[in-house]
Amino acid sequence: MNNYILDLSNFLNTFASFLESKKFISEINKNQISIDYSSENKLGDLASNFYLIINRKIIDKNFNFEKELNDKINSVPFIDHFIISKNGFINFFLKEDFVNNSLNNIYNNNFLKDINHGNEKKINIEFVSANPTGPLHIAHIRGAVFGDVLSSLYIKMGFRVLREYYVNDAGSQIDKLSNSLFKRYKQLFNINIELAQDEYPGEYLINIAKKIIKIDGDKWLNKKEKETMLYFKKFALDDIISSIKVDLNLINIKFDKYTYETDIEKSKIIDKLFEILDQKKLLYKGVLKKPKGDDSDWEPREQLLFRSSKLLDNEDRALKKSNGEWTYFANDAAYHLYKCNRNFDKLINIWGSDHIGYIPRMISIIKAIKNNEDYLNILTCQIVSILENKKKLKMSKRDGNFITLADVFSKVGNDPIRYYMISTKNETAIDFDLDEVIEKNKDNKVFYCQYAYARASSVINKAKQLNIVIDENYKFNLNIGISSEELRIIKKIICYPYLLYQACNYNEPHRLTIYLEDICSEFHSIWNKGKDNESMRFIDKNNIQGTISKLFWLESFRNVLYDIFSIIGIDSPEQM
RNA sequence: GCGCCCGUAGCUCAGUGGAUAGAGCAACCGCCUUCUAAGCGGUAGGUCAAAUGUUCGAAUCAUUUCGGGCGCGCCA
């Protein structure tokens, strides 16, 4: 009975149907019924707006709401009683036994005993997928952490998750990359050659060129162009992809599968996609509309188009360039067909906000393939600005001047990066202040929460030294040695399974950190009460029973913190 | 011109139909002989960008305006 909030919600829905069938009330919109477990203003343990909603739908004048609810509420085993407040909220109170048992489940790490939300369903989460044309930079970090934490969250909820990275190792950008590298190589032999404006100016290519020289010397200066460019392309890709992996590894991100665009091309799966689209009459040769923005060099040309406007997009989209090559979108669409064919129950993509415009066409492809537009879920991350000395750092692709993942890592380390990248809702733009995050003080929420963990651990360790231990058959009872402040935090602790469920269900891992900060704040507050009032201290040698009660919820609290830290991917320090 | 995201305290952000709009930082005032002061308690700080509408009820939904960000051809 962990997911009691859902149970109560189901009960209220059934109860509403009952009232409707008895003609006490006219029909209501059941989606409006809410259950609030976290409000600071609440008077009970769970609050619902139920009465507010049905109140104006009452058609039977003799209808006595309180009586009817009282008759039915007995079927909900965990509700003790309820009170309807003056303004119409129903405040439900949990049974003590239920709170005791729920805490017992947390104590035993049985967070998901009766939820099993995932039920072994297979999910593919594709994220990062940065082009292998340079090192990962700050814009990629957020999507990387978001995708990784979301994956962990789904795994926690009982799904089987495959983390996948799509490597765009084909196309003209890669040719530009190898050209740029070759020019750098030549420059190192004092050959006077300039990079073109749209080539890659970053210093990393100079380093890669030096590696080639170390291995091969000047042997590529006089080789045939085709052979040379093939070599430089492969060398650049191998080097950059492996350094991307190294960088991801810095913040403990590992992918289960890398899929290469070149392999998608070789597999000819695009022909299959072509067949599907053709069969559904979604392909035609035509001329795209003139764009609305800068159209100075626009020329109408006939090309192969996807009739996405018949589906969910507002324009048709090009699949082939006028020179006959597939567009990037065509390959990406083929890649998505490949994903569709791999028996996942659901696909999730995490994209940067700069790709938002591509969502309708990709969902259109999925709809064409699966006839189900909900099969692929595309989540976007807004940009991250880096602040240093209170100033936004400017990044310019043209100068090859950007803050890399490795830079940020060397300045702040793993925990703050991961914590801050998911503590803000993914659709909100973040200002990431390096100075604030480096300091290990109260400016820094990561340390605030880890400190709570360390403090809790230190009490538990001290209790062990004093030989105060919790017996295997111990039954927690909130009437023994538990203050009202502690009861408050205990009731928040037992909401943890529901929080997990919601964070996963809404794809919002930031809910974890909001909750985390809340319970840590409660904990620190209780801790400090022990300074003023000895009876509030956790360990009291003269009251072993009460001490054990406290240790029991403290262990449960620590379990929850450990679990959240492990999902976020940060350390759980027992000492700080 | 069009699409998407956003506008909440000085700053960074929660809250997205419900009870008196919250937290952290910054400011000010207090708390270490004690299980960790990387902490706690308190004070102050708001026209939820603006207007109109829908609703018993709007920061939340709709329309419009203003402001910011990201996109918008056969690039990837």
Side-chain angles (χ1 to χ4, degrees), chain A residues 32 34 36 38-43 47-49 52-53 55-56 85-89 91 130-131 133 168 170-174 176 198 261 288-295 297-299 301 303-304 314-315 317-323 325-329 331-332 352-360 380 382-383 385 387 390 420 423-425 427-433 436 439-448 450-452 454-463 466 510-511 513-514 517-518 521 523-532 534 537-540 554 575-576:
Chain A
Q32 291 183 327
S34 69
D36 188 359
S38 58
S39 167
E40 294 299 327
N41 298 318
K42 69 187 178 184
L43 306 162
S48 177
N49 61 353
L52 287 165
I53 290 179
N55 193 26
R56 63 196 133 110
S85 73
K86 270 185 209 158
N87 51 20
F89 282 89
N91 290 292
N131 292 344
T133 54
N168 301 124
S172 59
Q173 292 302 316
I174 301 302
K176 276 178 193 158
D198 60 349
E261 188 180 0
L288 283 173
K289 280 186 219 157
K290 193 171 166 180
K292 293 272 162 60
D294 172 27
D295 56 1
D297 54 352
W298 163 260
E299 276 175 51
R301 281 174 183 153
Q303 51 195 136
L304 185 67
N314 46 13
E315 302 280 348
R317 303 295 174 181
L319 291 167
K320 255 187 188 177
K321 305 178 193 176
S322 55
N323 67 8
E325 286 174 21
W326 293 109
T327 61
Y328 168 79
F329 170 60
N331 276 345
D332 206 9
S353 58
D354 51 342
H355 291 95
I356 284 176
Y358 280 74
I359 294 176
T380 59
Q382 286 290 325
I383 55 161
S385 309
L387 296 180
K390 300 288 166 202
Y420 279 91
S423 62
T424 301
K425 201 169 50 177
E427 283 176 348
T428 302
I430 309 183
D431 287 343
F432 189 67
D433 190 325
E436 211 166 85
E439 288 180 48
K440 296 188 176 184
N441 61 21
K442 58 189 168 182
D443 292 14
N444 191 324
K445 290 172 181 171
V446 190
F447 289 96
Y448 181 84
Q450 288 177 326
Y451 186 44
R455 273 180 154 180
S457 301
S458 109
V459 174
I460 289 162
N461 290 333
K462 178 158 188 189
L466 297 169
H510 76 278
R511 288 170 187 249
T513 59
I514 304 288
E517 286 163 25
D518 184 30
S521 165
F523 167 78
H524 284 306
S525 175
I526 292 168
W527 177 285
N528 273 273
K529 288 216 164 81
K531 290 188 176 299
D532 306 330
E534 202 143 326
R537 291 166 68 82
F538 293 106
I539 295 176
D540 180 355
L554 206 57
Q575 285 185 343
M576 286 175 79

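Protein chains get the first letters and strands the later ones, always in sequence-line order, with residue 1 at the start of each.
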Using OP1 and OP2 only, check whether a side-chain N or O of [X] sits under 4.0 Å from [N].
X        : N     : value
A:Lys445 : B:G39 : no
A:Lys425 : B:G15 : yes
A:Thr428 : B:C5  : no
A:Trp527 : B:U34 : no
A:Tyr328 : B:A76 : no

Quick one: which of [options] gets closest to the side chain of [X]?
X        : options             : value
A:Ala47  : B:C35, B:A38, B:A19 : B:A19
A:Glu261 : B:A76, B:G73, B:G39 : B:A76
A:Lys531 : B:A37, B:A76, B:C6  : B:A37
A:Thr327 : B:G41, B:C75, B:G39 : B:C75
A:Ile356 : B:U34, B:C13, B:C4  : B:C4
A:Asp431 : B:C13, B:C40, B:C75 : B:C13
A:Arg455 : B:C35, B:G41, B:G39 : B:G39
A:Glu534 : B:U34, B:C35, B:C5  : B:U34
A:Phe447 : B:U34, B:A38, B:C35 : B:A38

- Show your working on side chain to side chain contact (heavy atoms under 4.5 Å, CB included) between A:Thr380 and A:Glu427 and close with a plain yes or no. CA-CA 7 Å; A:Thr380 59; A:Glu427 283 176 348; 4.0 Å; yes
With heavy atoms under 4.0 Å as the rule, sort [X] into base, sugar-phosphate or nothing.
X        : answer
A:Asp354 : sugar-phosphate
A:Ile430 : sugar-phosphate
A:Ile383 : sugar-phosphate
A:Leu304 : nothing
A:Gln575 : base
A:Ala170 : sugar-phosphate
A:Ala454 : base
A:Ser85  : base
A:Leu52  : base

Could you tell me how far apart [X] ([atom1]) and [N] ([atom2]) are, to the nearest whole angstrom?
X        : N     : atom1 : atom2 : value
A:Asp518 : B:G15 : CG    : P     : 13 Å
A:Asp36  : B:G17 : CG    : C1'   : 12 Å
A:Gln32  : B:U16 : CD    : P     : 16 Å
A:Tyr358 : B:G3  : OH    : P     : 18 Å
A:Glu517 : B:A14 : CD    : P     : 11 Å
A:Tyr448 : B:U12 : OH    : C1'   : 17 Å
A:His510 : B:C6  : NE2   : P     : 12 Å
A:Lys176 : B:A76 : NZ    : P     : 8 Å

Tell me if a side-chain donor or acceptor on [X] pairs with a main-chain N or O of [Y] at a distance below 3.5 Å.
X        : Y        : answer
A:Thr327 : A:Ala318 : yes
A:Tyr420 : A:Lys445 : yes
A:Asp431 : A:Leu387 : no

- Query: Closest nucleotide of RNA chain B for A:Glu325 versus for A:Ser353: which of these residues is on the 5' side?
  - Reply: A:Ser353
- When the nearest nucleotide of RNA chain B is assigned to A:Thr424 and to A:Asn131 on a heavy-atom basis, which residue is associated with the more 5' position? A:Thr424
- Task: With A:Lys321 as the cation and A:Trp326 as the aromatic partner, state whether NZ or CZ is under 6.0 Å from the six-membered ring centre and within 45° of the axis.
- Result: no
Span that lies between the [atom1] atom of [M] and that of [N], in whole angstrom:
N     : M     : atom1 : result
B:U47 : B:U8  : C1'   : 12 Å
B:C11 : B:A49 : P     : 13 Å
B:A26 : B:G45 : C1'   : 11 Å
B:U55 : B:U60 : C1'   : 13 Å
B:A62 : B:C4  : P     : 11 Å
B:G46 : B:A21 : C1'   : 9 Å
B:G22 : B:A38 : P     : 30 Å
B:G68 : B:U54 : C1'   : 28 Å

- Distance from A:Gln173 atom CD to A:Asp198 atom CG, nearest 0.5 Å? 7.5 Å
- Report the secondary structure of RNA chain B in dot-bracket form, marking unpaired bases with a dot and bases paired to a different strand with |, and treating Watson-Crick or G-U pairs with both distances under 3.5 Å as paired. ((((((((.[[[[.)..(...]]]].(((((.......))))).....[[[[[..)....]]]]])))))))....
- Query: Is the glycosidic angle of B:C32 within 90° of 0, making it syn, or outside that range, making it anti?
  - Reply: syn
- Note on the structure: A:Arg537 meets the side-chain hydrogen bond (donor to acceptor under 3.5 Å, both in side chains) criterion, sequence neighbours left out, with none
- Indicate, yes or no, whether a donor-acceptor pair under 3.5 Å links the base of B:A19 to the side chain of A:Asn91. yes
- Item | base_contact_polar (B:G41 base, A:Asn528 side chain, donor-acceptor, <3.5 Å) | no
- With side chain to side chain contact (heavy atoms under 4.5 Å, CB included) as the test, would you mind laying out the steps for A:Leu554 and A:Arg455 before giving the verdict? CA-CA 10 Å; A:Leu554 206 57; A:Arg455 273 180 154 180; over 6 Å; no
- Task: Assign the ring pair A:Trp527 / A:Phe538 to parallel, tilted or perpendicular, where the plane angle (0 to 90°) is split at 30° and 60°.
- Result: tilted
- Got a sec, which residues hit ring pair (Phe, Tyr, Trp, His ring centres under 6.0 Å) with A:His510, two or more places apart in sequence or on another chain? none
- Message: Between A:Arg317 and A:Tyr358, does the side chain to side chain contact (heavy atoms under 4.5 Å, CB included) criterion hold? Intermediate values first, please.
- Response: CA-CA 10 Å; A:Arg317 303 295 174 181; A:Tyr358 280 74; over 6 Å; no
- Task: Indicate yes or no: at least one non-hydrogen side-chain atom of A:Tyr328 is less than 4.5 angstrom from one of A:Glu261.
- Result: yes
